[in-house]
Amino acid sequence: MARPARSRTSPPEPPDRPGARLPRPRRHGLRNGLRGGRRNGPAGRRWPAAIPRPPGGLRPTDPALPLAPPPRPYARALGLAAVSLLGAWLGLLVLGGVRAPVGPMDTSMALRPSLTGGTRITVPPLGDLELDSHRAPVRVDVDVDRLDPARSAALVDHPERFAGLQGQVTHDVLRGAAGLAVTSCAAVAGGATALGLAVYRRPRPALAAGGLALALLAASGAAAYATWNPKSVLEPRFSGLLTSAPSVVGTARGIVSEFGVYQQELARLVTNVSKLYDTVSALPAYRPDPTTLRVLHVSDIHLNPAAWHLIASLVRQYRIDVVIDTGDTMDHGSTAENRFLDPVSTLGAPYVWVRGNHDSGATQRALSGRPHVTVLDGGRVTRVAGLRIAGVGDPQFTPDRSVAPAGDAAERAAGGRLAEALRTERLAGTPVDIALAHEPAAAEQADGLVPLALAGHLHHRETRTLPGGTRLMIEGSTGGGGLRAVQGKEPAPVQASVLYLDRATRHLQAWDEITLGGLGLARAEVSRHLPRENAPGGPAATRSPAPPGTPSDRAG
């Protein structure tokens, strides 16, 4: 016989057989959680069946209700971004590289995080070639692993293939870049997802980290595309033994107007890269261009004897026509320091000098009587290597503590005397090509009267175009600041510049900035620059070379 239904709140029925024990009542509490599909009430009591249960079991006013931690969306977002960035960086380091043949070379391409972007080409053991190709938080690294013997031999045996080398290299680079893009996407997504799984231990945030890393890489690629600079190849920076590259490749004018010759020279450099290292000391010197005058600008030597060795080396390597020194050759201007000037007449090129604020009258007199040296002061004009150059000495001698410095007013007054001399020469039909002063404030007074003005004094480089159209070039310290180089945390660099001027117009067509490591540092860098008017597509780029026999081929 079926038993009647029993209410859950009624007491238990007695057992059917004698001696049976009554069932033990259940003990309920918050620690028991859910039982029988109902939630326990407070103090171990059950909610009566007739009373509806509140959503979630316990009432909001129940003192036993646990409080959930407040959400922190910004902290979670920052954490996810950090995981994405770190995972993407690790992925690029471990997996973000491809091997690609480029012409006769086997190369390794990789994307690396960077604050400035650009492209770096490493040619072991010669050095690096850096290009400002783009501005984005990623840099393209290209390592030349080796020259393929078969492809190199094919180029040597069939020189006619050099004509198609540019197209082949372009095709190889584009194909390698496409493979690098695919590999980098997989690397950043995989790295961020793997790190997300290790941190969160859940698939959803891990996949979100991978997607965010992929989006960041896509944004970086868009920034690189938007800031792509195809002209960066015309202004490379060389380091290591590749600093000899400008003397092998030729002038910037040759690159623009005689690209065929440049292409052959570049191909020869590539195919003989291994021999170049063994014979670097016997490399041919800078090949002279009949339309180019070469000027070496130095300044602020400050009694550093190493500067004379550097200047002599640059004169030989670049076949310098004239050396221009914008002052501060000395440190205290004493007579005892005059012996330091002995090498100036043996550098292999005429030397034009103006006085700096550390050069005394005794220093100027000691230089005036030396062979191959021209001292300019008071706006005096000289003609050297076909260039008309005017200069003024610094009116102040700051090591003399008995005289208070007159400041910029005295410099502008000296610049005024220089400007007056320039106007006189222009009215006489003999305009000046280059104006010299030690202090930039004095050189600025020549604005509009000469195409080029040179100065020093600041111990760092600056190049700017003045309102009147004159280009002012301020050279760094060719002596690395002298004894002051050891006062800072790092030694000051040694700097000089080679200026290329058209022999017919005397206008600047390009310049190389040469930077060497300071005291105790082994570093070399050459950075080529083009004036805007001489960039590809400008007047200088479209003008054809003068035929042999024209005045531009004859020395001025």
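In this text, all values refer to a predicted model and were calculated from it rather than measured experimentally. Residue indices begin at 1 and follow the sequence shown. Both backbone and side-chain heavy atoms feed into the values below; hydrogens, waters and symmetry mates do not.
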Quiz item: Taking C-beta and beyond as the side chain, do S497 and R461 meet within less than 4.5 Å on heavy atoms?
Solution: yes
Quiz prompt | Between CG on residue L212 and CG on residue L85, distance to nearest 0.5 Å | solution = 7.0 Å
Quiz item: Considering only heavy atoms from C-beta outward, does the side chain of L217 approach that of L111 to under 4.5 Å?
Solution: yes
Quiz prompt | Stepwise side chain to side chain contact (heavy atoms under 4.5 Å, CB included) check, V298 with E475 | solution = CA-CA 7 Å; V298 300; E475 189 54 76; 5.8 Å; no
Residues 180-200 side chain polar contacts: donor-acceptor under 3.5 Å, at least two apart:
unit_1, atom_1, unit_2, atom_2, d
T183, OG1, G179, O, 2.9
S184, OG, L180, O, 2.7
T193, OG1, A189, O, 2.7
Y200, OH, L80, N, 3.4

Exercise. Starting from the C-alpha separation in whole Å, work towards a yes-or-no answer on side chain to side chain contact (heavy atoms under 4.5 Å, CB included) for T122 and D141.
Key: CA-CA 8 Å; T122 302; D141 284 355; over 6 Å; no
Quiz item: Taking only residues two or more places apart in sequence, or in another chain, which ones meet T227 in a side-chain contact (heavy atoms from CB on, under 4.5 Å)?
Solution: H134, R135
Self-check item: 4.5 Å side-chain heavy-atom contact, I301 and I311
Solution: yes
Quiz item: Are the side chain of E130 and the backbone N or O of G118 linked by a donor-acceptor pair below 3.5 Å?
Solution: no
Exercise. First locate atom CE of M473, then atom OG1 of T326, and finally report the distance between them rounded to the nearest 0.5 Å.
Key: 11.5 Å
Quiz item: When rounded to the nearest 0.5 angstrom, what is the spacing between CZ in R471 and CG in D447?
Solution: 12.5 Å
Self-check item: R139 to G117 - nearest heavy-atom pair and separation
Solution: CG-O, 3.8 Å
Self-check item: Exercise: identify the closest heavy-atom pair between A307 and G479
Solution: CB-CA, 4.5 Å
Exercise. Could you tell me the separation between the CD1 atom of I324 and the CG atom of L296, rounded to the nearest 0.5 Å?
Key: 9.0 Å
Quiz item: Would you say D321 and L501 make side-chain contact, with heavy atoms under 4.5 Å?
Solution: no
Quiz item: Minimum heavy-atom separation for A349 to I320, with atom names?
Solution: CB-O, 3.8 Å
Quiz item: Do other residues, nucleotides or ligands put more than 12 heavy atoms under 6.0 Å from the CH2 atom of W89?
Solution: no
Quiz prompt | Approximate separation, where rounding is to 0.5 Å, of D106 CG and D143 CG | solution = 12.5 Å
Quiz item: Can you name the side-chain contact (heavy atoms from CB on, under 4.5 Å) partners of V138, sequence neighbours left out?
Solution: A136, S220
Quiz item: Mind checking what makes ring pair (Phe, Tyr, Trp, His ring centres under 6.0 Å) contact with W511, not counting sequence neighbours?
Solution: H529
Quiz prompt | Interatomic spacing from CG in L472 to OG1 in T463 - rounded to 0.5 Å | solution = 8.0 Å
Quiz item: Under a 4.5 Å cut-off applied to non-hydrogen side-chain atoms, are M109 and V140 in contact?
Solution: no
Quiz item: Do I474 and H460 touch side chain to side chain, with heavy atoms closer than 4.5 Å?
Solution: no
Quiz item: Applying the side chain to side chain contact (heavy atoms under 4.5 Å, CB included) test to I434, which of L452, V322, L508, L499 qualifies?
Solution: L452
Quiz prompt | Minimum-distance pair of heavy atoms, taken over all atoms of H297 and A455 | solution = CE1-O, 3.3 Å
Quiz prompt | Over 12 non-hydrogen atoms of neighbours within 6.0 angstrom of CZ in R112 | solution = yes
Self-check item: ring pair (Phe, Tyr, Trp, His ring centres under 6.0 Å) against H457, all qualifying residues, sequence neighbours excluded
Solution: H438
Quiz item: Within the distance-only criterion (no hydrogens, no angle test), does the side chain of R506 pair as donor or acceptor with the backbone N or O of R503 below 3.5 angstrom?
Solution: yes
Practice problem: Keeping the roles fixed (side chain from T478, backbone from S299), state whether a donor-acceptor pair exists under 3.5 Å. | Solution: yes
Exercise. Under the salt bridge (charged side-chain N to carboxylate O under 4.0 Å, His left out) rule, collect the residues that match up with R464, sequence neighbours excluded.
Key: E444, E462
